[in-house]
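The structure appears right after this line, and notes come after that.
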Amino acid sequence: MTNSNWTASTSPQQQNLRALAEKTLINNDLGGYTVPTHGLYPFQWNWDSAITALGWMQFDEQRAWQELEILFSGQWPDGMVPHILFHKDSDSYFPGPVVWGADKPIKSTSISQPPVVGSVMKIMLEQAKDPHFAREKATTLFNKLVDYHLWWYQQRDPEETGLVVTYHPWESGMDNSPAWDDALQAVPCVTWSYERRDTKHVDSAQRPHKSEYDRFLYLVDFFKQHQFDSKRIFAQCPYKMNDIGIIAILHRASKDLLIMSEMLQMQDERTEYIAKRMEVTQQAISALWCEKDHYFYSRNVLTNQLVAVKTSAGLLSLYAGFASATQKTSLNKTSIEWLQASQFSLASTHPSASCYEPQRYWRGPIWLHINWMIALGLEESGYQDTAKSIQNDSRELIKLAGFYEYFNPETGAGCGGKDFSWTAAIAMHWLL
Ligand code: DGY
């Protein structure tokens with residue numbers, strides 16, 4: 001935990017960082033959508049794009065809404081918004097559109113990503129300097145957003161258990177989180193050879209291992225072989241996870257969707273249905289609470305086992321508003337102790353875990369958009385001081401290292417891609 005003496009007033013350093021953040025988004029703009037960073041990620045990613053819109057919102061509202069419009073232009077007929085939209089060709093990324101083999105309506109992957117877009121849209125509607133324009137845009141996008149949420153509830157929880165399933169670590173957005181290790185062991189490896197491109201852009205010590213990629217790619221092939229058929233994949237996928245991160249982000253976004261439906265006067269039987277499904281989730285969430293560890297975990301659906309490794313995804317339960325009063329107290333205590341366990345916070349895997357690796361992608365590094373969501377959840381639960389500590393550390397990190405993809409909790413060093421869109425966007429939205 002660090003002590004920041006950053007004040008609320010706009011210092012020259014703050015102005016400078018803000019200008020750099022704007023420049024980062026402008027440089028990453030490919031004409032209406034923003035790449036997370038050039039080279040490493042040359043397409044439009046679902047949750048990156050949503051978070052990035054919060055940054056655009058600070059200086060170009062029209063461009064912010066355009067980001068979401070282009071994201072929804074890739075929505076599948078069944079409502080899914082894919083995790084990557086391959087708008088233009090690029091050979092700097094693997095696996096590209098040929099490996100995924102999907103194009104309905106445009107070339108894309110065949111899985112989704114954490115659906116934070118609904119929550120972003122609500123913030124954009126509430127914070128707009130041009131409310132008339134924002135209302136017009138939100139009204140146009142609202143039914144697409146409803147289709148997307150219905151897709152999660154109906155296709156990813158067809159038995160109405162209350163807990164949606166995810167089929168791929170890439171879908172969680174937290175690709176190589178140790179929470180997926182055991183479940184991935186049950187997935188076969190691909191037998192064809194391939195050339196990774198990510199490790200040409202970033203030190204391989206900061207990226208997932210080949211043993212993970214072999215299985216990531218097996219699943220990509222599996223979806224293609226099953227012709228992207230929801231029913232067949234639900235029945236046969238060798239990897240099925242109740243990911244607490246996605247479940248929490250979906251729940252929060254559904255709440256925000258319902259608030260927007262009132263603001264826009266667009267309530268109907270579909271929004272009522274979403275409200276009903278949310279009640280089922282609220283009832284079911286206790287299945288992911290571990291009474292022994294006082295923590296929310298993901299669950300491997302195929303073994304029915306909770307994955308008892310403390311990752312930051314469990315703290316998103318506060319952001320979702322799932323936790324009871326006693327659970328909130330425990331989660332705040334855990335957060336304080338987590339903050340003290342490394343120089344900077346909040347490590348994506350608890351530093352005391354044996355699988356903690358401070359610079360390997362989702363196995364330890366700090367991600368600022370996750371910090372923002374966790375701090376928001378803590379603040380709304382009444383833990384302002386803990387939230388402030390996370391915010392101060394986040395600020396310190398961008399001051400020290402700039403807009404990196406993720407940060408080493410021990411040293412504060414920037415890791416992964418640099419000049420990263422969502423880090424710059426979160427800086428503008430939350431830190432500067
Ligand atoms: C990657 O390629 O590392 C991305 O995180 C997949 O979404």
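As the structure lists them, so they are numbered: ligands from 1, and atoms in each ligand from 1. Because only heavy atoms are used, hydrogens play no part in the values below, and waters and symmetry mates are left out as well, while side chains stay in. In this text the structure is predicted, and so the values were computed from the model without any measurement.
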Is any NZ, NE, NH1 or NH2 atom of the basic residue among [X] and [Y] found under 4.0 Å from an Asp or Glu carboxylate oxygen of the other?
X      : Y      : result
Lys137 : Glu61  : no
Glu212 : Arg363 : yes
Lys23  : Asp419 : no

Show me the side-chain donor-acceptor pairs of residues 189-198 shorter than 3.5 Å, one per line, residues at least two apart or across chains.
unit_1	atom_1	unit_2	atom_2	d
Trp192	NE1	Asp221	OD2	2.8
Tyr194	OH	Asp214	N	3.3
Tyr194	OH	Asp214	OD1	2.5
Glu195	OE2	Lys200	NZ	3.0
Arg196	NE	Asp198	OD1	2.9
Arg196	NH1	Pro208	O	3.1
Arg196	NH2	Asp198	OD2	2.7
Arg196	NH2	Pro208	O	2.9
Arg197	NH1	Asp91	O	2.7
Asp198	OD2	Arg207	NE	2.7
Asp198	OD2	Arg207	NH2	3.1
Asp198	OD2	Tyr213	OH	3.4

Expected rows: ligand 1 N/O, protein N/O, dist below 3.5 Å:
unit_1	atom_1	unit_2	atom_2	d
ligand 1	2 (O)	Tyr93	OH	2.6
ligand 1	3 (O)	Asp175	OD2	3.4
ligand 1	3 (O)	Arg207	NH2	2.7
ligand 1	3 (O)	Tyr361	OH	3.1
ligand 1	5 (O)	Asp175	OD2	2.6
ligand 1	5 (O)	Tyr361	OH	2.8
ligand 1	7 (O)	Trp45	NE1	2.9
ligand 1	7 (O)	His83	NE2	2.8

ask   = So Phe216 and His168, would you call those rings parallel, tilted or perpendicular, with 30° and 60° as cut-offs?
value =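 Tilted.
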message = Checking Gln236 against His226: is there a side-chain donor and acceptor pair closer than 3.5 Å?
response =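 Indeed, the side chains of His226 and Gln236 share at least one donor-acceptor pair under 3.5 Å.
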